[in-house]
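Read the structure below first, then the notes.
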Amino acid sequence: MDYLDNDPSLNVWHLSLLLAIARLAHRQNEGWVIRVSRSKLMKLSHIDTISSYHKYFKQLQELGYIKYVPSYHPGYRSTVEILKRQKE
């Protein structure tokens, strides 16, 4: 994942969210698609405000690091897919 080191658009909060997603994937024994909740990601990434969380989460989507699929059903969690990026 050298591209993370070489991407000037990423900051510590982006990396913290990516690490939180990876930690959830490991805990759930998941692969590239992870069931997530905002509260768990916020806690694991140490992001305290919802507005900051949404800002950095949205930027990760726009930068092509993740694909978010929301669930509007109370019995199903939303999912995040970690996208495999090509070396530039």
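Everything numeric in this text was worked out from a predicted model, so none of it was measured. Residues: numbered from 1 along the sequence shown.
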Taking all heavy atoms of [X] and all of [Y], pick out the closest pair and write down the distance.
{"X": "S78", "Y": "P70", "answer": "OG-CA, 3.4 Å"}
{"X": "R35", "Y": "E30", "answer": "NH2-OE2, 2.5 Å"}
{"X": "A25", "Y": "I34", "answer": "CB-CG1, 3.3 Å"}

Between atom [atom1] of [X] and atom [atom2] of [Y], what is the distance when rounded to the nearest 0.5 Å?
{"X": "I21", "Y": "I82", "atom1": "CD1", "atom2": "CD1", "result": "6.5 Å"}
{"X": "L60", "Y": "Y68", "atom1": "CG", "atom2": "OH", "result": "13.5 Å"}
{"X": "M42", "Y": "T49", "atom1": "CE", "atom2": "OG1", "result": "6.0 Å"}
{"X": "R77", "Y": "S71", "atom1": "CZ", "atom2": "OG", "result": "11.0 Å"}
{"X": "S45", "Y": "K40", "atom1": "OG", "atom2": "NZ", "result": "14.0 Å"}
{"X": "K55", "Y": "W13", "atom1": "NZ", "atom2": "CH2", "result": "11.5 Å"}

Could you walk me through whether I47 and F57 pass the side chain to side chain contact (heavy atoms under 4.5 Å, CB included) test, one step at a time?
CA-CA 11 Å; I47 295 176; F57 196 82; over 6 Å; no
Tell me, do [X] and [Y] make a side-chain contact under 4.5 Å, heavy atoms counted?
{"X": "V69", "Y": "V33", "result": "no"}
{"X": "Q59", "Y": "H14", "result": "yes"}
{"X": "L63", "Y": "S9", "result": "yes"}
{"X": "L17", "Y": "Y53", "result": "yes"}
{"X": "L44", "Y": "R27", "result": "yes"}

Assess the residue pair L41 and L24 against the criterion (side chain to side chain contact (heavy atoms under 4.5 Å, CB included)); give the C-alpha distance rounded to whole Å, side-chain angles, the decisive distance to 0.1 Å, and a yes or no.
CA-CA 8 Å; L41 286 178; L24 274 181; 3.6 Å; yes
Same cluster or not: are Y76 and V80 linked, directly or through other Ile, Leu, Val, Met, Phe, Trp or Tyr residues, by side-chain heavy atoms under 4.5 angstrom apart?
no
Is there a path of hydrophobic side-chain contacts, each under 4.5 Å between heavy atoms, that joins L18 and V12?
yes
Report the C-alpha distance between L10 and Y65 in whole Å, list the side-chain angles of each, state the deciding distance to 0.1 Å, and finish with yes or no for side chain to side chain contact (heavy atoms under 4.5 Å, CB included).
CA-CA 10 Å; L10 293 178; Y65 284 98; 3.5 Å; yes
